**Q** 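Below is one structure. I have some questions about it.
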Amino acid sequence: MSVLVYTESDKGTFKKIALETASYAKTVADQMGTTVTAVTINADDTSVLKNYGVNKVLKVSNKDLDTFNAQRYADVITQACNKEGTKVVILSSSADSKYLAPILAVKLNAGYASNVVDAPSSLEPFTVKRTAFTNKAFNFSKIESDVKIVGVSKNSYGLYENSVELTEEDFSPSIPESGVHQKSINKSSDKVSIADAEIVVSGGRGLKGPENWGMIEELAEVLGAATACSKPVSDLGWRPHSEHVGQTGKPVASNLYIAIGISGAIQHLAGINASKVKVVINNDPEAPFFKAADYGIVGDAFEVVPKLIEKLKEFKAQNA
Ligand code: FAD
């Protein structure tokens, strides 16, 4: 009756959230007096999981699962849960896991809590702390079903090293043909996706037009960041909708969020306030974003951003 964690990977490599969900699963397993089993899908080297408290890996290798498909992935996790007799399943709250979680909940007849930010405050009844109203409040939710699914928010719980003995087992669940073909829409290209990025460089209407995005992309490249934008920017067709962040766009929980020429409307802030450090570049000292910022630069983006790129390149060259 181990706690089961689905550890997400991309092209064979674990995402950081995989290690965070493993850390979380270890805490829940300790509370319950049991062990942690991870299910991995086409991950290359699973040994790192032993550093984060995972006792057993069910290793799934199947080229039909190379592309994310919510139905199929939910099938795999369901079969892993049935095999282990699991009562608590830990997922992340990534876009992919949020697609598969409701399907999994139906298959396992389980209750599901998303956007969980802390270890259960109680096991009986099973109670978790979650964000609510686009991160403006917290609530404590009880899951009363026999099987429980917890979706952990990125960067909320943290990574905790906890070395244990790890056993690996090849696991070959049956993969039924899925009628509905759901694919991940996190990435519009091969660039770093907003959901996985540690750093996000985001541009708003202050950049005047799509022709000025070269400097945003260059800054993102120097920093190894993903690019994002405000809603009007994607509505105007300056950038793809996959980059729109905010209340009606994607949530961002990066370590660093750099907002350039974005006013800081409440609907924009709602999507990014889970980010740790916010830097704002805006030529209007009264822009509301400065109130939410950790660091602010009052200045013209067309002067500040090229200088920032230059300094970062110098810094990287000196520290290469
Ligand atoms: P603007 O408000 O036009 O701000 C541009 C900023 O750029 C200004 O602060 C200006 O001072 C600055 N600027 C101008 N020139 C320069 C320069 N040369 N250098 C530096 N700075 C400069 N918005 C979202 O982003 N995401 C959402 O999910 C979202 N959902 C919404 C949902 C609803 C129901 C509604 C009603 C609105 C929503 N909005 C959303 C829209 C939101 O209210 C704002 O209108 C929008 O965020 C403003 O975008 P912006 O800051 O890019 O543009």
Side-chain angles (χ1 to χ4, degrees), residues 93-95 98-99 114-115 131-137 153-155 184-188 191-197 199-220 222-223 225-254 256-312:
S93 281
S94 70
K98 277 185 173 167
Y99 288 142
S114 60
N115 302 327
T131 53
F133 304 117
T134 52
N135 293 325
K136 283 194 205 66
S153 285
K154 185 181 163 196
N155 277 340
S184 171
I185 53 161
N186 268 335
K187 285 186 181 181
S188 58
K191 289 190 250 169
V192 186
S193 78
I194 292 171
D196 300 329
I199 306 175
V200 173
V201 177
S202 191
R205 203 152 44 177
L207 290 167
K208 322 286 186 222
E211 66 280 5
N212 295 322
W213 243 263
M215 64 181 186
I216 299 294
E217 292 195 323
E218 195 179 350
L219 179 58
V222 176
L223 292 168
T227 50
C229 67
S230 65
K231 183 174 184 295
V233 164
S234 65
D235 288 347
L236 287 162
W238 296 357
R239 298 298 292 175
H241 276 289
S242 57
E243 289 196 5
H244 157 201
V245 299
Q247 183 183 325
T248 48
K250 289 212 175 108
V252 177
S254 54
L256 175 62
Y257 184 78
I258 305 178
I260 304 168
I262 302 178
S263 57
I266 192 163
Q267 297 90 353
H268 187 87
L269 297 180
I272 62 99
N273 58 17
S275 290
K276 282 199 180 143
V277 177
K278 298 165 207 94
V279 176
V280 172
I281 302 171
N282 197 303
N283 63 0
D284 175 7
E286 300 299 321
F289 218 142
F290 285 118
K291 290 204 177 94
D294 297 285
Y295 299 93
I297 302 173
V298 179
D300 186 337
F302 296 95
E303 289 173 20
V304 174
V305 175
K307 280 189 190 149
L308 191 56
I309 294 169
E310 193 187 309
K311 289 287 172 202
L312 283 165

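Every number for a ligand or one of its atoms is a count from 1 in the order of the listing. Heavy-atom basis, side chains included; hydrogens, waters and symmetry copies ignored. Model, not experiment: these values are computed from the prediction.
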**Q** Please state whether V233 comes within less than 4.0 angstrom of ligand 1, counting heavy atoms only.
**A**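 No.
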**Q** Which atoms of ligand 1 have any heavy atom of G249 under 4.0 Å away?
**A**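 Near G249, the atoms of ligand 1 are 28 (O).
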**Q** Can you sort out which atoms of ligand 1 are near G299, meaning under 4.0 Å from one of its heavy atoms?
**A**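 It comes down to these atoms of ligand 1: 19 (N), 20 (C).
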**Q** Under a 4.0 angstrom heavy-atom cut-off, which atoms of ligand 1 come close to F302?
**A**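 Counting atoms of ligand 1 from 1, those under 4.0 Å from F302 are 18 (N).
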**Q** Identify, for atom 10 (C) of ligand 1, the protein heavy atom at the shortest distance, and state residue, atom and that distance.
**A**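 Scanning the protein heavy atoms, the shortest distance from atom 10 (C) of ligand 1 goes to N282 OD1, 3.6 Å.
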**Q** Quick one: which of G206, S202, C229, S230 has a heavy atom closest to atom 50 (P) of ligand 1?
**A**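 Heavy atom nearest to atom 50 (P) of ligand 1 belongs to S230.
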**Q** Please confirm whether G271 comes under 4.0 Å of ligand 1, counting heavy atoms of the residue only.
**A**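 The answer is no: ligand 1 sits nowhere under 4.0 Å from a heavy atom of G271.
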**Q** I'd like to check which ligand 1 atoms, numbered from 1 as shown, lie under 4.0 Å from a non-hydrogen atom of D284.
**A**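 Counting atoms of ligand 1 from 1, those under 4.0 Å from D284 are 11 (O).
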**Q** Do N115 side-chain atoms and S153 backbone N/O form a donor-acceptor pair below 3.5 Å?
**A**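 No.
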**Q** Report yes if the side chains of W238 and N212 come closer than 4.5 Å at any heavy-atom pair, otherwise no.
**A**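 Side chain of W238 against side chain of N212, heavy atoms only: no contact under 4.5 Å found.
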**Q** Taking 4.0 angstrom as the limit and counting only heavy atoms of G204, give me the atoms of ligand 1 inside it, by number and element.
**A**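 Checking each atom against G204, I get 52 (O).
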**Q** At a 4.0 Å threshold, what atoms of ligand 1 neighbour a non-hydrogen atom of D300?
**A**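 In order of number, 17 (C), 18 (N), 19 (N).
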**Q** Specify the protein heavy atom at minimum distance from atom 25 (O) of ligand 1: its residue, its atom name, and the distance to 0.1 Å.
**A**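 Of the protein heavy atoms, H268 ND1, 2.8 Å lies nearest.
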**Q** Give me the residue, atom name and distance of the protein heavy atom closest to atom 15 (N) of ligand 1.
**A**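 The answer is K208 NZ, 2.8 Å.
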**Q** Do we see a donor-acceptor contact under 3.5 Å between the side chains of E217 and T227?
**A**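 Side-chain D/A pair, E217 to T227: absent.
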**Q** Please confirm whether the backbone N or O of H241 pairs with a side-chain atom of S234, one donor and one acceptor, at under 3.5 Å?
**A**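 No, the answer is negative, given that no donor and acceptor are paired below the 3.5 Å cut-off.
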**Q** List the closest protein heavy-atom neighbour of atom 23 (N) of ligand 1: residue, atom name, distance to the nearest 0.1 Å.
**A**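 In this structure, atom 23 (N) of ligand 1 has K231 CB, 3.3 Å as its nearest protein heavy atom.
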**Q** Checking the N or O distance criterion of under 3.5 Å, is ligand 1 in contact with V245?
**A**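 There is such a contact, yes.
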**Q** Are the side chains of V245 and V200 in contact, using a 4.5 Å heavy-atom criterion?
**A**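 V200 does not reach V245 side chain to side chain.
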**Q** Checking a contact table here: which protein heavy atom is nearest atom 43 (O) of ligand 1, and how many Å away?
**A**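 Minimum-distance protein heavy atom for atom 43 (O) of ligand 1 reads Q267 OE1, 2.7 Å.
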**Q** Do T248 and Q267 have side chains that approach each other closer than 4.5 Å (heavy atoms only, starting at C-beta)?
**A**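 The answer is no, as the side chains (C-beta and beyond) never meet within the 4.5 Å cut-off.
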**Q** Does a side-chain heavy-atom distance below 4.5 Å link L207 with M215?
**A**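 Side-chain contact under 4.5 Å: yes.
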**Q** Using a 4.0 Å cutoff against the non-hydrogen atoms of Q247, which atoms of ligand 1 qualify?
**A**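 That gives atoms 27 (C), 28 (O) of ligand 1.
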**Q** Measuring from the heavy atoms of A270, does anything fall under 4.0 Å of ligand 1?
**A**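 Heavy atoms of A270 never come under 4.0 Å of ligand 1.
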**Q** So D284 and F290, do their side chains get closer than 4.5 Å, heavy atoms only?
**A**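 No, too far: nothing below the 4.5 Å cut-off.
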**Q** Answer yes or no: is there a side-chain heavy-atom contact under 4.5 Å between S93 and K98?
**A**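 Yes - at least one pair of side-chain heavy atoms lies under 4.5 Å apart.
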**Q** Of the backbone atoms (N, CA, C, O) and the side-chain heavy atoms from C-beta on, which set of P232 has a member under 4.0 Å from an atom of ligand 1: side chain, backbone, both, or neither?
**A**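 Side chain only; the backbone of P232 stays clear of ligand 1.
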**Q** Looking only at protein heavy atoms, which one is nearest to atom 53 (O) of ligand 1, and how far off is it?
**A**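 Ranked first by proximity to atom 53 (O) of ligand 1 is R205 CB, 3.4 Å.
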**Q** Count the heavy atoms of every other residue, nucleotide or ligand shown that sit under 6.0 Å from NZ of K311, and state whether that count exceeds 12.
**A**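 Check fails, neighbour count at 12 or below.
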**Q** If we count only non-hydrogen protein atoms and require a distance under 4.0 Å, does atom 34 (C) of ligand 1 qualify as touching the protein?
**A**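 When distances to the protein are checked, atom 34 (C) of ligand 1 has no heavy atom within 4.0 Å.
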**Q** Less than 3.5 Å between some nitrogen or oxygen of A301 and one of ligand 1, yes or no?
**A**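 N/O-N/O distance below 3.5 Å exists for this pair.
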**Q** Atoms of ligand 1 less than 4.0 Å from A265 heavy atoms?
**A**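 Atoms satisfying the 4.0 Å criterion: 42 (C), 43 (O), 44 (C), 47 (O).
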**Q** Starting from atom 2 (O) of ligand 1, what is the nearest protein heavy atom, named by residue and atom, and what distance separates them?
**A**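 Looking only at protein heavy atoms, the one closest to atom 2 (O) of ligand 1 is S263 OG, 3.1 Å.
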**Q** Verify, without hydrogens or angle tests, whether N282 (side chain) and I262 (backbone) share a donor-acceptor contact under 3.5 angstrom.
**A**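 At least one qualifying donor-acceptor pair exists.
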**Q** Looking only at heavy atoms, is any part of F289 under 4.0 Å from ligand 1, and if so is it the side chain, the backbone, or both, or is it neither?
**A**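 Neither part.
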**Q** Is it true that I266 lies under 4.0 Å from ligand 1, counting heavy atoms only?
**A**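 Contact check I266 vs ligand 1: negative.
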**Q** Find out whether R205 and L236 are in side-chain contact, i.e. whether some heavy atom of one side chain is under 4.5 Å from a heavy atom of the other.
**A**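 Yes, close enough: below the 4.5 Å cut-off.
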**Q** Can you confirm whether I266 sits close enough to K136 that some side-chain heavy atom of one is under 4.5 Å from a side-chain heavy atom of the other?
**A**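 Touching, per the 4.5 Å side-chain cut-off.
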**Q** For the CG atom on L312, are there more than 12 heavy atoms of other groups (residues, nucleotides or ligands in this structure) within a distance under 6.0 Å?
**A**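 Yes - once you tally the heavy atoms of other residues, nucleotides and ligands closer than 6.0 Å, there are more than 12.
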**Q** Looking only at protein heavy atoms, identify the closest one to atom 17 (C) of ligand 1 and say how far it is in Å.
**A**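 Minimum-distance protein heavy atom for atom 17 (C) of ligand 1 reads N283 ND2, 3.4 Å.
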**Q** Would you check if the side chain of K250 reaches a backbone N or O of S242 as a donor-acceptor pair within less than 3.5 Å?
**A**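 Between the backbone of S242 and the side chain of K250 there is a qualifying donor-acceptor contact (under 3.5 Å).
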**Q** Indicate yes or no: does an N/O atom of I281 lie under 3.5 Å from an N/O atom of ligand 1?
**A**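 No, since none of the N or O atoms of I281 sits under 3.5 Å from an N or O of ligand 1.
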**Q** Is atom CD of E286 surrounded by more than 12 heavy atoms (other residues, nucleotides or ligands) closer than 6.0 Å?
**A**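 No.
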